[in-house]
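Atoms within a ligand are numbered from 1 in the order they appear, just like the ligands themselves.
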Amino acid sequence: MNIPKVINLVVKNDLCVGCGICVYKCPSNALEMAWDKNGFLFPKVISSCDSEGDCLEVCPFNSIPKDEVKTENEIAQLFLETENHHQKIGKYKQIYAGFSTEFRLSSSSGGLGTYISTKLLENKIVDHIFSIKESSEPGIFYQYSVSSSKSDLLRASKTRYFPVTLATVFSEINQLEGKIAIVGVGCFIKAIRLAQHSEPKLKEKIPFLIGIICGGLKSSFFTEYLASKMAVEIKNIRKPQFRKKDFSSTANDYSFSCSDENEEEKSIKMKTVGDMWGTGLFKANACDFCEDVTTELADISLGDAWLDPFDKDGKGTNVIVTRSLLAENLIKEGIKNKDLEVDFLPLEIFLSSQQGSFNHRHKGLPARIKLAKKKNQLVPPKRYENETVGWDFKLVQKQRMKVRAESLAVWQHKKEASVFDETIQKSLKKLNFYTKIYHKRRRFSQLKNKVIVKINNRIFSKNKNQ
Ligand SMILES: Cc1cc2nc3c(=O)[nH]c(=O)nc-3n(C[C@H](O)[C@H](O)[C@H](O)COP(=O)(O)OP(=O)(O)OC[C@H]3O[C@@H](n4cnc5c(N)ncnc54)[C@H](O)[C@@H]3O)c2cc1C
């Protein structure tokens, strides 16, 4: 039996994010999506393949891409006409922060995701939007689904930290009349751009992509773990909500909630659960090899403005990066009509809002690549591959990778939050210890540099006065 290339080069390397575009692209219909033992979606071989690797061509984690689509930089040249470019955030037109007056309270952040989707429909730029809505299949809480009206779109608001796939979306798109917009995280948007590159008619069919800035994709274990923290049995989890706001608190003080078998809603403040993002718990391995912090290939990128003074407001505020003229016009029009309370955000401040993600995904990446290569694992070409990483940050990276893998193995073994917390504690403590060393050393070298600059300045002014 011929095995599709994406299986041997991506899935077997644990680099799949489950976007599923390979399933759509496979001319032999040799693939379908399935759940793996770690709670992620992945393409499974269902029949022999006789093609030349069409599946691999559209994979965002292809380790042997063609030169013209080698990294986000090259792909951006093909799709974004924008003049500004920043090494860390890619091509962009403007950067803003703010919220939608209509959708802020019913959204996860400032409501720009729902606002832009609504305007795309109202202004007839597109006829349908694919984003994430509740699924009717048991245990599969969320999935990509089409919306063609504003009321439909309201059901697609809010952040869902749950595995989703585009596997059947593209066949649906080809059946639909009119134009389409899609909402997605960085790697999904990259896969869509690769599909548009290999099939140019998709470029016209999908004229707008809404990018969701992403700090890493979580396995379905994440939902199970949070429910278990509230003593809700996995089989009884209903309607999980990942970002319940507390309007009277800060923006990052949100809760997870779900209903149990009696439809009784339970909720837990995420602050009491511990650090779920900086530790890599329940995260996909591929996310450790993604360097696209700000969803560089979308027309507009939206994230959380968790920075002073916006984080003081529990109602939520977005950071916004426009990358196409269409996106820029939608924001300008919204400001003019007072639908948006949005203002320019200086580049440096925007960068600081995503500092943690830049540290992990740009600064720490070369260390993780080295570790992967040592194990003969394939890695896609990366822009930050050759930077130097200090020994202390290397230790942090190694331990984070360990914690990530361990979290999935431990949950697989026993799906109970108290057992999980006890088992993973030792590894988390070690990670915490290494992180402290790294921070201390960094503070020390910053101080040392300041002293050196001061001494040099003194010597310089002394010499000048002589
Ligand atoms: C997995 C994940 C990780 C994230 N990590 C970060 C981060 O590290 N830093 C940061 O600044 N922001 C992050 N975000 C983005 C943030 O949570 C908000 O989604 C974003 O600010 C938009 O908020 P909003 O109020 O404008 O969106 P809303 O108006 O609530 O609309 C949200 C839109 O996103 C869609 N959506 C929800 N879940 C998903 C999903 N899993 N995949 C694709 N589309 C989805 C919805 O269908 C809707 O169209 C993350 C989001 C996700 C899904």
For ligand 1, is Lys133 a contact, meaning one of its heavy atoms is under 4.0 Å away? no
Determine whether any heavy atom of Phe103 lies closer than 4.0 Å to an atom of ligand 1.
-> no
Judged by heavy atoms only, the candidate from Tyr144, Tyr254, Phe188, Tyr115 nearest atom 43 (C) of ligand 1 is Tyr144
So, 4.0 Å and heavy atoms of Gly316: is ligand 1 close enough to count as a contact?
no
Query - Heavy-atom gap Ser357 to ligand 1 smaller than 4.0 Å - result: no
With sequence neighbours left out, the residues meeting ring pair (Phe, Tyr, Trp, His ring centres under 6.0 Å) with Tyr225 are Phe282, Trp411, Phe420
Nearest heavy atom to atom 14 (N) of ligand 1, choosing from Ile213, Leu154, Thr165, Leu112, belongs to Ile213
- prompt: Any side-chain donor paired with an acceptor under 3.5 Å for Lys266 and Ser257?
  reply: no
- Under 3.5 Å between some N or O of ligand 1 and some N or O of Cys214? no
**Item:** Check: Ser147/Lys133 side-chain N/O donor and acceptor closer than 3.5 Å
**Value:** yes
Does the separation of the ring centres of Tyr144 and Phe130 fall below 6.0 angstrom? no
Applied to residues 200-214, the salt bridge (Lys or Arg N to Asp or Glu O under 4.0 Å) test, sequence neighbours excluded, yields Glu199-Lys201
So the atoms of ligand 1 within less than 4.0 Å of a heavy atom of Ser108 turn out to be 25 (O), 30 (O)
With heavy atoms and a 4.0 Å threshold, my read on which part of Gln354 contacts ligand 1 is side chain
Does Glu72 come within less than 4.0 Å of Lys382, counting only side-chain N to carboxylate O?
-> no
Under 4.0 Å between heavy atoms, the region of Arg243 that gets near ligand 1 turns out to be side chain
Does ligand 1 have an atom that lies less than 4.0 angstrom from a heavy atom of Ser117?
no
Next on the checklist: For the residue pair Arg323 / Ser301, report whether a side-chain donor-acceptor contact shorter than 3.5 Å exists.
Outcome noted: yes
Min over Ser131, Ser109, Ala156 of heavy-atom distance to atom 48 (C) of ligand 1 lands on Ala156
min-distance protein heavy atom vs atom 33 (C) of ligand 1 -> Ile212 CD1, 4.0 Å
Heavy-atom proximity to atom 16 (C) of ligand 1 ranks first, among Leu105, Asp304, Ile210, for Asp304
Assess the side chains of Ser151 and Ser149: does a donor N or O sit below 3.5 Å from an acceptor N or O?
yes
If you compare Ile132, Thr159, Leu166, Thr118 by their heavy atoms, the one closest to atom 53 (C) of ligand 1 turns out to be Thr159
**Prompt:** Would you call the rings of Phe222 and Phe242 parallel, tilted or perpendicular, where under 30° means parallel and over 60° means perpendicular?
**Reply:** parallel
